[in-house]
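Notes follow the structure.
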Amino acid sequence: MVIKALDHWTKMLDDIEKQLAKAYKAGYEQSSIFGFHEWSNNGAMGYAIMAMEQLGYERVEIKRVIKGLYRVFDKTTIEQARNHYNTSDY
């Protein structure tokens with residue numbers, strides 16, 4: 001039972017990370033097209049929420065991820081996040 005729950009959370013977090021990477025890339029590419037690099041944490045969270053809603057995640061799961069994003073935004077620069085994405089498997 002515990003292993004099954006752990007597998008569920010691991011898959012969920014992998015799915016979320018993939019969607020966040022796609023959202024980041026889409027936002028970055030869009031800003032490049034317009035010749036500016038305006039970043040918004042709220043915009044990134046909006047992308048994450050929309051992706052999770054489209055994937056059918058529950059409200060409680062979405063809230064948990066958004067709280068996690070607040071912590072990451074507070075401790076990570078845009079450059080660090082970009083480097084993490086560029087060196088990840090996603």
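- Ile16 and Met52 get closest at one heavy-atom pair: CD1-CE, 3.4 Å.
- Under the rule for a side-chain hydrogen bond (donor to acceptor under 3.5 Å, both in side chains), Glu53 has no partner lying at least two apart in sequence or in another chain.
- Side chains of Tyr90 and Asp14 form a contact here, defined as non-hydrogen atoms less than 4.5 Å apart.
- Under the side-chain hydrogen bond (donor to acceptor under 3.5 Å, both in side chains) criterion, Gln80 pairs with Thr77, not counting sequence neighbours.
- Linking Ile, Leu, Val, Met, Phe, Trp and Tyr residues whenever their side-chain heavy atoms come within less than 4.5 Å places Trp9 and Ile62 in a single cluster.
- Salt bridge annotation for Arg64-Glu61: absent, with no cationic side-chain nitrogen under 4.0 angstrom from a carboxylate oxygen.
- Here NZ of Lys63 is found 5.0 Å from CZ of Arg59. Values are rounded to the nearest 0.5 Å.
- Atom OH in Tyr70 sits 10.5 Å away from atom NZ in Lys67 (nearest 0.5 Å).
- Counting non-hydrogen atoms of neighbouring residues, nucleotides and ligands closer than 6.0 angstrom, the CD atom of Glu58 reaches no more than 12 such neighbours.
- Among residues two or more places apart in sequence or in another chain, the side-chain hydrogen bond (donor to acceptor under 3.5 Å, both in side chains) test is passed with Asp15 by Lys11, Tyr57.
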**Request:** Step by step, work out the side-chain contact (heavy atoms from CB on, under 4.5 Å) result for Tyr47 and Gln19.
**Result:** CA-CA 8 Å; Tyr47 278 124; Gln19 293 302 319; over 6 Å; no
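- The heavy-atom pair separating Thr87 from Asn83 by the smallest distance is OG1-O, 2.9 Å.
- Checking Ile49, Thr76, Leu20 one by one against Leu69, the side chain to side chain contact (heavy atoms under 4.5 Å, CB included) holds for a single residue, Leu20.
- Other residues, nucleotides and ligands contribute at most 12 non-hydrogen atoms within 6.0 Å of the CG atom of Asp89.
- Note that the CG atom of Asn86 and the CD atom of Glu79 stand 8.5 Å from one another [nearest 0.5 Å].
- Residues Val72 and Ile66 do not share a hydrophobic cluster, clusters being chains of Ile/Leu/Val/Met/Phe/Trp/Tyr side chains in contact below 4.5 Å.
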